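To start, the structure itself, in structure tokens.
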Amino acid sequence: MVSPDNLDQTLRNLSLTPLDGHQGSGSDTESDNRSLKWHLPLKELYKMACAFYKEKSGKAIHLSYEDNLKLVAFTQQAAHGPLDPGKAPQLGMFDVIGKDRRIAWQHLGTITKLQAMEGFIDLLDRLCPQFKPYVEAIKKDREEKAQQAQAEEAKRREQVEKEKEKLAELKRIEDEKNREEIQRRQLQDALNQQTYHQFKDYAEKQFPGNPEQQAVLIRQLQNEHYHQYMQQLQAQVASNFSHMRATSVDSDSAEVDAGNQVTEQHAGFQTEQAASAKENTQLEYKEQCDSDDESGEYAVISPANMWTKPDVKLFKQEVTSGKGDGVIRVGHGDTITVRVPTHEGGSSLFWEFATDNYDIGFGVYFEWGKPMTTDVSVHVSESDEDDDTLEDDDVVCADDLECGGQQQHKQQYNSGSGSSALANRNPISIIVPIYRRECQTEVYAGSHSYPGEGTYLLKFDNSYSLWRSKTLYYKVFYTR
């Protein structure tokens, strides 16, 4: 049986109330404060101690019978308070262990439940050195989990912020696209309104009595016209930028000023695009003409509209049957120039052309001055020698099967008569530079509004081909 003297000594060591009723100096608050040396709340620490005792008793730790009675008495006191013999159930005559436990519980006197918890923890800590490392391990594990939870929470918040920023950026991009789309539609609608009648006249000639095909062709022409317009705009901005860079002063400050001017001009183009499109059919730009006059400027030239059609065979049949202007054999190394004077009752020129089997170079120039005749004429020349135009007319080819290496066609006038002839001729503006067109696979078509009185020069260039001749099918006509 448990010795009352040993239990009283244990209570005195733990500063708890003994059986004789003398109160110890520790209150519930003081007991709770003393448990703070573990840096854990008393009740939480007591649960750890009970779990440790149940798990390790008889396995990792081996306590004496009296020590076990003391610990059990503390648990009874912590769970039910002081023993009330009147309410306690009767024990059997041979229940020796039950009697010993009840005596140990009774010797705890009137200590509170919190003091009993503290007594259990202190006694278990004194009897079992493994208890403190057990508590420290649990605390460390909790701290690590808390740190991990904080890190995960911080990461989650960071992800939420990134998602918000991403959504905001996507919304900004979407808004920007919507604004650009609105501006594009406004610009395209303005261009479509001003070119509708011109394209309608052309579509009625191509598909008489077929409104559906006319509507499809008009939409195709309007889309192609819009893309041509945007390309001309971008080309003009790039040309202005290059011109400013070339003419700027070589000093650092001058370069900065030129860059600022170009930036402002570019911004001005973008700001005034929609407004100018409502007032003008096309963005008008000035072409400098190749002449010996004193840097004269001529009428404003608008960009040409160009598109393609897939019905090559039908087009060739129409031209061959006499419904078009004609069929021309363009010899190797030759350049064909179709001269089309402006018509007094016309407002725009239209052209269509295709070839058999191979491509051909094509460009459109405009010769200023009142035409001497209204007839369309065809001129054949070798290497474009009959047309004293700018060097930009020349075709440069490299690594082409039809070229015997890289070649350039340049005009040199060494005699006084040549210089005089070039000086006396009318100025010429470039509307469409000469480029090779894959017109053997589809019909190339285009139109241009009259800039004034003069003669259109439709150039079909085969000068880059050393041995291949080309069969050209073409049509030209004007609209009012």
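None of the values given here were measured: they were computed from a predicted structure.
Taken to the nearest 0.5 Å, the CH2 atom of Trp351 stands 13.5 Å off from the OH atom of Tyr444. Within the model, atoms OH of Tyr53 and CZ of Phe131 stand 13.0 Å from one another, a figure rounded to the nearest 0.5 Å. Atom CD1 of Ile301 and atom NE2 of His448 lie 5.5 Å apart (nearest 0.5 Å). If you take CG on Leu187 and CG on Leu233, they are separated by 8.5 Å, rounding to the nearest 0.5 Å. One finds the CD atom of Gln232 at 11.0 Å from the OG atom of Ser239 (value rounded to the nearest 0.5 Å). Residue Asn178 holds its CG atom at 9.5 Å from CD of Glu180, rounded to the nearest 0.5 Å.
Using a 4.5 Å heavy-atom threshold, the side chains of Leu349 and Ser447 count as separate. In this structure the side chain of Met48 reaches within 4.5 angstrom of the side chain of Leu40, judged on heavy atoms. Put simply, the side chain of Phe366 does not reach to within 4.5 Å of the side chain of Ile428, judged on heavy atoms. A heavy-atom distance below 4.5 Å is not found between the side chains of Arg126 and Asp122. Using a 4.5 Å heavy-atom threshold, the side chains of Gln77 and Lys113 count as separate. At least one side-chain heavy atom of Leu114 sits under 4.5 Å from a side-chain heavy atom of Leu42. A heavy-atom distance below 4.5 Å is not found between the side chains of Tyr196 and Leu221. Put simply, the side chain of Lys459 does not reach to within 4.5 Å of the side chain of Val364, judged on heavy atoms.
Electrostatic pairing of Asp175 and Lys171 counts as a salt bridge here, judged by a charged N lying under 4.0 Å from a carboxylate O. Taking a cutoff of 4.0 Å between a charged side-chain nitrogen and a carboxylate oxygen, Asp461 and Arg436 do not qualify as a salt bridge. A salt bridge does not link Glu152 to Lys155: none of the charged side-chain nitrogens sits closer than 4.0 Å to a carboxylate oxygen. The residues Lys177 and Glu174 are annotated as not salt-bridged, no charged nitrogen and carboxylate oxygen being separated by less than 4.0 angstrom. Ion pairing between a basic and an acidic side chain is recognised when a charged N comes within 4.0 Å of a carboxylate O; Glu153 and Arg157 show such pairing. Ion pairing between a basic and an acidic side chain is recognised when a charged N comes within 4.0 Å of a carboxylate O; Lys140 and Glu136 show no such pairing.
In this structure, the side chain of Asp67 does not engage the main chain of Leu63 through any donor-acceptor pair within 3.5 Å. Proximity of a side-chain donor or acceptor of Asp95 to a complementary backbone N or O of Gly98 within less than 3.5 Å is detected. Remark: the backbone N or O of Lys54 is not paired with any side-chain donor or acceptor of Ser57 at under 3.5 angstrom.
A donor-acceptor contact closer than 3.5 angstrom links the side chains of Arg184 and Gln188. No side-chain donor from either of Asp359 and Tyr435 sits under 3.5 Å from a side-chain acceptor of the other. Side-chain N/O atoms of Tyr473 and Asp356 include a donor and acceptor closer than 3.5 Å. Donor-acceptor pairing under 3.5 Å is lacking for the side chains of Glu181 and Gln183. Residues Ser348 and Gln198 bring a donor and an acceptor atom of their side chains to less than 3.5 Å of each other. Checking Lys309 against Gln206 by side-chain atom types alone, a donor-acceptor pair falls below 3.5 Å.
Using a 30° and 60° split on the angle between ring planes, Tyr134 and Phe52 fall in the tilted class, from 30° to 60°.
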Walk me through whether Asn305 and Tyr229 qualify under side chain to side chain donor-acceptor pair (under 3.5 Å).
CA-CA 8 Å; Asn305 302 313; Tyr229 173 83; over 6 Å; no
Decide side chain to side chain contact (heavy atoms under 4.5 Å, CB included) for Lys56 and Gln130; before the verdict, give the C-alpha distance in whole Å, the side-chain angles of both, and the deciding distance to 0.1 Å.
CA-CA 10 Å; Lys56 305 296 182 180; Gln130 300 94 331; over 6 Å; no
Working for side chain to side chain contact (heavy atoms under 4.5 Å, CB included), residues Lys132 and Asp125:
CA-CA 7 Å; Lys132 188 172 184 179; Asp125 180 43; 4.0 Å; yes
Determine, stepwise, if the pair Tyr226 / Asn192 fulfils side chain to side chain donor-acceptor pair (under 3.5 Å).
CA-CA 8 Å; Tyr226 171 75; Asn192 291 345; over 6 Å; no
Check step by step if side chain to side chain contact (heavy atoms under 4.5 Å, CB included) holds for Val432 and Met306.
CA-CA 10 Å; Val432 179; Met306 295 189 67; 3.9 Å; yes
Given side chain to side chain contact (heavy atoms under 4.5 Å, CB included), test Lys475 with Glu318 step by step and report yes or no.
CA-CA 10 Å; Lys475 292 170 61 176; Glu318 291 178 355; 3.9 Å; yes
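Here the shortest heavy-atom pairing between Thr195 and Leu191 reads OG1-O, 2.9 Å. Between Leu124 and Leu71 the shortest heavy-atom distance is N-CD2, 4.1 Å.
Scored by the side-chain hydrogen bond (donor to acceptor under 3.5 Å, both in side chains) test, Thr75 finds no partners at all (sequence neighbours excluded). Gln76 meets the side-chain contact (heavy atoms from CB on, under 4.5 Å) test with Val72, His80, Trp105; sequence neighbours excluded. Every residue two or more places apart in sequence or in another chain was checked for a side-chain contact (heavy atoms from CB on, under 4.5 Å) with His197, and none qualifies. Applying the ring-ring contact (aromatic ring centres under 6.0 Å, His included) criterion to Phe315, with sequence neighbours excluded, gives no partner residue. For Tyr202, the side-chain hydrogen bond (donor to acceptor under 3.5 Å, both in side chains) test picks out Glu352, with sequence neighbours left out. Contacts of Glu442 classified as side-chain hydrogen bond (donor to acceptor under 3.5 Å, both in side chains), with partners at least two apart in sequence or in another chain: Thr308. By the side-chain contact (heavy atoms from CB on, under 4.5 Å) test, Gln231 pairs with Gln228, sequence neighbours left out. In this view, Phe460 and Phe353, Phe362 satisfy the ring-ring contact (aromatic ring centres under 6.0 Å, His included) rule, not counting sequence neighbours. Take Tyr46 and apply the side-chain hydrogen bond (donor to acceptor under 3.5 Å, both in side chains) test, not counting sequence neighbours, and it matches no residue. Residues forming a salt bridge (charged side-chain N to carboxylate O under 4.0 Å, His left out) with Arg219 (at least two apart in sequence, or on another chain): none.
Atom CD1 of Ile97 is surrounded by 12 or fewer heavy atoms from other residues, nucleotides or ligands within 6.0 Å.
Counting only residues at least two apart or on different chains, the salt bridge (Lys or Arg N to Asp or Glu O under 4.0 Å) pairs with a member in residues 196-209 are Lys200-Glu204.
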If you look only at distance, which donor and acceptor atoms sit under 3.5 Å apart when one is on a side chain in residues 162-170 and the other is two or more places apart or in another chain?
| unit_1 | atom_1 | unit_2 | atom_2 | d |
| --- | --- | --- | --- | --- |
| Glu169 | OE1 | Arg172 | NE | 3.4 |
| Glu169 | OE2 | Arg172 | NH2 | 2.6 |

